[in-house]
Amino acid sequence: MRRTVRGLVGLVGFLAVGEVVGRSGIAPPGYLPPSSLVLTRLVELLATRSFVLDLIATVLAWAIALGIAIAVAVPAGLLLGTVPALRHCARSVIEFLRPIPSVALIPLAIMVFGIGPDTKIFLAVYAAVWPILFNTIYAMDEVDPQLVDTARSFGLGRWPVLTRVSLPSAAPFVATGIRLSASVALVVVVSVEFLAGGSGGLGRFVLESSSGSGRMDLVFAGIAVAGIVGYLVNAGLEWAQRKAFVWSAATGEAS
Amino acid sequence: MPTMLEVTGLGHRYRSKDGEHIALDGLSFDVNAGELVCIVGPSGCGKSTLLRSISGLIRPTSGQVRLHGDVVDGVPSDLAVVFQDYSRSLFPWLSVQRNVEFPLKKSLDKAERRERARQALEQVGLAGAAGKYPWQLSGGMQQRVAIARALAYRPALLLMDEPFASVDAQTRFDLEDLLLRVRREYDTTILLVTHDIDESVYLGDRVVVLSKSPARVVRTLDVDLPAQRDQITTRESEAFVALRSEVARLLHGQPAGDAPTGNGRPSAGRAPAKGKTGTASSAGSTAASSAGSSSGSSEKAASAKAQPSRNGQAANRNRGKGNGAKSRRRGRARR
Ligand SMILES: Nc1ncnc2c1ncn2[C@@H]1O[C@H](COP(=O)(O)OP(=O)(O)OP(=O)(O)O)[C@@H](O)[C@H]1O
Ligand SMILES: [Mg+2]
């Protein structure tokens, strides 16, 4: 409760500063619109059909990308986490691929996937795979061997041990990875929309508002919407994680 | 009585960065069907290693274990283990009830599982805690959940590694008697490791005394007390007192009265050396041994360190057993 109040105080303060700076005339007219104007535009935009379609395009691409990233990274992480030999082999490749910023892959992706939404989805998947993969591998390492022995002593084989012991005890770490990846994927989706244009979305809306008409009030409103989406995604996942893994928080095992 | 378990020339050697450690050095003994055999041995001598080898969790480096005549290679199906590190053997994401049901999943349907678990929890006096989670319980309660889970499984052979180490004296007596009842009722064969000399004599049909590390069998003693035992009268009987003095002597490898011993460990063996008769000294020895033992004394102390958290693991490591999560993982990674 107290935290919420403090958060709100911070937000109101931030908006107030934006308002004052916007009205002070520090920046040339139109460059830094005051908060009130941005908020008004934001509300108007949310009632505009084309903007809502852009918003949906972004959120959809993000959701698909996150889904694919989970479907790829969790099984891969489980495999690499349980078979050390495989992990050592994969390490050099992973260490090479991981630092490549996904925006650097835009030309390549456009060549392969064209200008449609596939490009931004692919790049978002690329960026989102790593946090999930690393957290899953780490989680498999952290599974308490005593728990595994307990299950084995009751006659459970490799597969039941994996599904009934390793997976549940790894789940909180994996969930943290997914939450990190969710933010990363959103950033990448919006950036690619902005840089590569093409397939609609919040990023392209911001691009068009700035380059075509120089409407900074719309630019800021678009950015604010992206920020709000990111905030809601993170808060939602955090809440779900807390609900699902009470035991983990209580035992101090993870995040 | 047919032989259920045959341990012959069993040896185990741990290999780690800083050299080798011989934990078991050619142990041999048998357990007959329906018997309750207690194993006593100095701290760190290799008792847990022995149980792990018997349960097929680790492969012995020499010798063999036979269960029902078959060489153990992998975990046998009708066996259950109550681990010494009980707090880390309960699944924190499952309620107490579900922890107890855990091993029953493949053999029983839902209603039977629930009933079995309810019964077992009632037997250990935890009927009210079924809906709680392990981390909401004290150490002693967690230990009883682990015992309930093993009982609910109804194995042919039950291996128990210091199962009563962190419950209070009264609960300990109750659980000892419960074990004797359960064993008669379900015809379970039990191999139980304990630090507590009195407990080994009170519970056992036979007591296997192990040497200091590396473990060898010093002697196997027949406990010729009547099958029906009683916490008060059995413990004050002459035969009982004589037996536990004998076990103490064997444990320390020297005549009685020569305590203290040279291994620098507070042990159950000292108490009988101080006072040889009566229930008072017998109870005293129980208390002294559990308070002195490295594996936790009262429920409170145990619960403080029993949280399955990083702290808990650190505490385990600090107990100097060398079998904390880290070192065991190293062992696993090599295989
Ligand atoms: N995984 C391991 N790797 C290396 N050494 C180990 C491992 N597990 C146990 N040991 C060593 O083997 C010896 C026997 O350990 P074990 O746990 O079997 O003794 P214990 O008799 O059960 O001890 P306690 O009475 O404290 O329960 C100890 O010296 C211990 O340090
Ligand atoms: Mg032990």
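We name chains A, B, ... by the order of the sequence lines, and we start the count at 1 in each one. Only this structure's heavy atoms are used, side chains among them; waters, hydrogens and symmetry mates stay out.
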So which part of B:Ser55 gets closer than 4.5 Å to some heavy atom of chain A, the side chain, the backbone, both or neither?
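Contact with chain A involves no heavy atom of B:Ser55 at all.
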Would you say [X] has more than 12 foreign heavy atoms packed within less than 6.0 Å of its [atom1]?
X        : atom1 : answer
B:Arg98  : CZ    : no
B:Arg66  : CZ    : yes
B:Tyr186 : OH    : yes
A:Lys243 : NZ    : no

Can you tell me which portion of A:Ala151 sits under 4.5 Å from chain B's heavy atoms? Options are side chain, backbone, both or neither.
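Looking at A:Ala151, backbone and side chain both touch chain B.
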Taking B:Arg88 for its side chain and A:Leu147 for its backbone only, find out whether a donor-acceptor pair lies under 3.5 Å.
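No: the side chain of B:Arg88 does not pair with the backbone of A:Leu147.
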If you count heavy-atom pairs within less than 4.5 Å of chain A, which of B:Pro155, B:Pro103, B:Ala80 leads?
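Looking at each of B:Pro155, B:Pro103, B:Ala80 in turn, B:Pro103 comes out on top.
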For [X] against [Y], the heavy-atom pair lying closest together:
X        : Y        : answer
B:Val81  : A:Ser153 : CG2-CB, 3.8 Å
A:Gln146 : B:Asp85  : OE1-CB, 3.7 Å
A:Asp149 : B:Leu57  : O-CD2, 3.7 Å

Can you tell me how far apart [atom1] ([X]) and [atom2] ([Y]) are? Round to the nearest 0.5 Å.
X        : Y        : atom1 : atom2 : answer
A:Thr150 : B:Phe83  : OG1   : CZ    : 4.5 Å
A:Phe154 : B:Lys105 : CZ    : NZ    : 14.0 Å
A:Arg164 : B:Phe102 : CZ    : CZ    : 4.0 Å

Among the options A:Pro160, A:Ser169, A:Gly157, A:Gly155, pick out the one with the most heavy-atom pairs lying under 4.5 Å from chain B.
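Max contact count across the listed options: A:Ser169.
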A:Ser248 side chain reached by B:Trp93 side chain, heavy atoms, under 4.5 Å
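Heavy-atom side-chain distance check fails, nothing below 4.5 Å.
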